[in-house]
Amino acid sequence: MNEMSNKWIGQSTIRPDGAEKVTGRAEFAADTNMPGMIWGSVLRSPHAHARIVSIDTSKAEAHPGVKAVVTAQDIVDFPVDTPVPLGIQDMRWMCRNIMAREKVLFHGHPLAAVAATSEAIAAEACKLIEMEYEVLPWVIEIEDAIKPDAPILHEYLEHDGKPSNITGTLEHKLGDVEEGFAQADVIIERSFTTRPVHQGYIEPHACLVSVAADGKTTIWSSSQGQFMVRAMTAMLTDMPQSDIRAIPAEIGGGFGGKTIVYLEPVATMLSKKSGRPVKMVMSREDVMRASGPTSGSMSTVKIGATKDGQIVAAEGTFYLQAGALPGSPIRGAAGCGFAPYNIPNVHSVGIDVVSNRSKVAAYRAPGAPIGAFAVESVLDEVAEALNIDPLELRLRHAAREGTKAAHGPTYPLIGFVETIEAAIEHPHYKAPLGKHQGRGVASGFWFNAGGESSAQVNITEDGNVVVTTGHPDIGGSRAAIANVAAELLGIDYRRVSVLIGDTATVGYSNLTGGSRVLFASAMAVTDSAGQVITTLCERAAKIWDIDPDAVTWEDGEARPAGDNAGQFEPLSLADIAAQATQTGGPIGHGAQLNTTGAQGGFATHICDVEVDMDLGIVKVLRYTSFQDVGRAVHPAYVEGQMQGGVAQGIGWALNEEYIFDKDGHVDNPGFLDYRMPVCSDLPMLDAVMIEVPNPAHPQGVRGVGEVPLVPALAAIANAVHNALGLRFSSLPMSPPKVLAALEMPEAAE
Amino acid sequence: MAKLHVSTTINGEPTEFLCEPYETMLDVLRDGLGLTGSKEGCGSGDCGACSITLDNRLVCSCLMLAAEAEGHEINTIEGMAKGENLQPLQQKFLEMAALQCGICTPGMLVAAKSLLEHNPNPTETEVRYWLAGNLCRCTGYDKIVRAVMDTAEEMRGAAQ
């Protein structure tokens, strides 16, 4: 890490996009319009599982106002026998997810789309499409999908030599668990289930696509990666990427759910066929039926310890729902669950299971909260069995620099121990509790990520700064980037404008996801700003007619490096910019990097709950999260990530779940019945930032966005256990389930 | 059926528009009048992202028929700042980082402004219940509640 005055890094500055957002002027995808624009609507499957016998779109095409109809025939088919990876996705599944092919695999699966002069006409015309189906038996839950006689979704996918709904496995091993368990005096083994939960972004998916007569295509859409939108749309519509300009609209929340496309390739084909710009916006019901969520799970965790409190072995099996097409976050569940601890013998297995529900998408630390819920619940029981304070047990086994993790790495400098120590010392941990109240703790880990990032730093003619990066800003990253650039250039942050470029104006940048944006983009900005400073010093040297090495950049101005360099009045950014044309031309540099050195994120949570014994409502009374944030470049938005992650965890633990009816349809596809936390459900969410800077990053950044969700499910479940003496191994701990368990403790399982 | 002609006042400006009988106020604001600050998160009155005021009453514009605006006074997020001067809640939301993605922010601000007009000295619980109809998935509401409470205190100070 370089030495810096840190005038701006660590300041909660005003975000560059703030004034537009508080006045309603910020342009989200659904706010965009174009001359001649028409509307697209999607026909969705009424069945959970059916073979498509025929589709007749002729009546829809003839309907007045209809300009184009698209079916799977218009989308590139990637045959099922050859994997076509794009990032962590496989285009075989993506092409079948955006438009059903051969079979419909879930209720709400897109079958066709219509573009018409109004949204109402497009929706009406969808109803004129004549479908013939052969309805098939369907399966929703994991335990049903893995039965030997379960309806098979994909006959060509085999497990153990026969067609199966198990579509992938992953295994991590460290040491020898059998030997480990042989040494154990206490062994606790428990099984857990969690329900699929939706990312819950308030902005439904939306896009506007214009395919011009020469094929040049412009896409405005809400996504976590304009380059992902470009790549997937190009592949699914058979267009060269150079013909597509994907413009990132402001994104109204994503949490992982907008790392894939649903509408863009469909709108592109509708625009191509109709010759008109096409706008598509999902309804909330479409969002709930056909996008996201994250996996439901079924897992078993076994942990063994000696009677003097040493954990000697841990084993976990995690079945995760992938939805209708393969690809659940088994890596997060199997990899992150045991990752916070130094345990000599670990065996962790993840199993991917398909069933007739919408294909899962990433959700904040994908899979990790599922793993942590099981592991941290069992750890709580181990601590109880050994009569050790649960934080003390975690502290004794906390991973630190040099610990070998079962999922592969040997940790560099990390700040997990510090989070537990801070929790133990915090007044919250010692505060008294009342009747029907309980306290729980849990810890968690997320990998974090680096990868591709591009940035351009340009000096304006009047000596101010424009920074362009390539990652959609989902939670305030532009504000943090302004701090970094201001710090490096030694100027006021208000002189730095930070923009998110589109695919034609900035170099390739990978997704906003994995807690990578500030880590990676700050590296690209640091590189670019370094080059800019070198140029600024060269220009000053030219003006002064001295050697460039004799110039330094300090506090936003060029100065002679010492007495030997000569006596010159410092030149400000504005002075140098004013003479740029005479000294060599415009000043600006870019960097395109594949960043490395991202290091894991760790957190420890304390949660207090109170249970209403008459209504079964679990109320979170107090919540404090402790996280190693590396360096909090913009502390308010780091806290915001911590608080937002905790709130999502509270929803997951206490209320959120999909309810399916007897026909395999989601019965609660709206915000009234799919119950996310509202303002009156929550207390203040205290966030304690612990800074153990990442030595591999110029500003010490670690990712901060994802780990705040990871411990929450277990912290809340452990608090409920502490309050009631009942251990809920099945989420959510919703009022009906809590009431049932109060009457009959087995109902908690 | 012919479109309906509606005369109303939006953000202080006399406004006329034509609408279908089934169109919502949100549809007309966004698609007819270009006032896209009000957002559609659900279309069923559950998320509050489309919050506006109708004669100083807080409503979800997705649940209001556009024709109901006839003769009434509508205020939206676009009318909240006066020229370059942000309304105190808008300023406080920026200073206290009470928004992340910003999609709920217009509705949240309209609802919070309405709260402070009805109750200039709300308790934390009163703020939380008033805003319970405005979903935010990013912030956990912590900074939003603090920003509203702080603004209320400042506005009370300024009024004295």
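Each chain gets a letter, A, B and so on, in the order its sequence line appears, and its residues count up from 1.
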Pair count under 4.5 Å, heavy atoms only, with chain B: among A/Arg284, A/Glu119, A/Gln643, A/Glu27, highest is A/Gln643
Cut-off 4.5 Å, heavy atoms of chain A, and the answer for B/Leu94 is both
Applying a strict 4.5 Å limit to non-hydrogen atoms, the region of B/Glu40 in contact with chain A is backbone
Okay, B/Leu109 and chain A: the region with an atom under 4.5 Å from a heavy atom over there is side chain
Verify the neighbour count for atom CZ of A/Arg675: are there more than 12 heavy atoms of other residues, nucleotides or ligands below 6.0 Å? yes
From the list A/Val678, A/Asp17, A/Asp31, the residue making the most non-hydrogen contacts under 4.5 Å with chain B is A/Asp31
If one checks every heavy atom of A/Ile251 against chain B at 4.5 Å, the contacting part turns out to be backbone
TODO: Keeping the roles fixed (side chain from A/Arg15, backbone from B/Leu99), state whether a donor-acceptor pair exists under 3.5 Å.
DONE: yes
Under 4.5 Å to a heavy atom of chain B? For A/Leu685 that would be both
With chain B, the option among A/Asp686, A/Ile474, A/Val646 that has the most non-hydrogen atom pairs under 4.5 Å is A/Ile474
Ordered numerically, the heavy-atom neighbours of chain A under 4.5 Å found in residues 49-80 of chain B are B/Ala49, B/Ile77, B/Glu78
The interface call for B/Thr139 against chain A, heavy-atom contacts under 4.5 Å, is backbone
When the 4.5 angstrom heavy-atom criterion is applied to B/Tyr129 and chain A, the contacting part is both
Max heavy-atom pairs within cutoff under 4.5 Å with chain B, candidates A/Gly644, A/Ala647, A/Ala206, A/Gly253, goes to A/Gly644
Of the listed A/Pro683, A/Ser12, A/Ala687, the one with the largest count of heavy-atom pairs under 4.5 Å with chain B is A/Pro683
Cut-off 4.5 Å, heavy atoms of chain A, and the answer for B/Asp31 is side chain
Under 4.5 Å to a heavy atom of chain B? For A/Pro472 that would be neither
One option among A/Ala636, A/Gly476, A/Gly645, A/Gly670 has the most heavy-atom pairs under 4.5 Å with chain B, and it is A/Ala636
If one checks every heavy atom of A/Ser283 against chain B at 4.5 Å, the contacting part turns out to be neither
To the nearest 0.5 Å, atom NZ of A/Lys21 lies from atom CD of B/Gln100 at 10.0 Å
Whatever's closer than 4.5 Å to a heavy atom in chain B on A/Ala30 counts as both
Okay, A/Gln199 and chain B: the region with an atom under 4.5 Å from a heavy atom over there is backbone
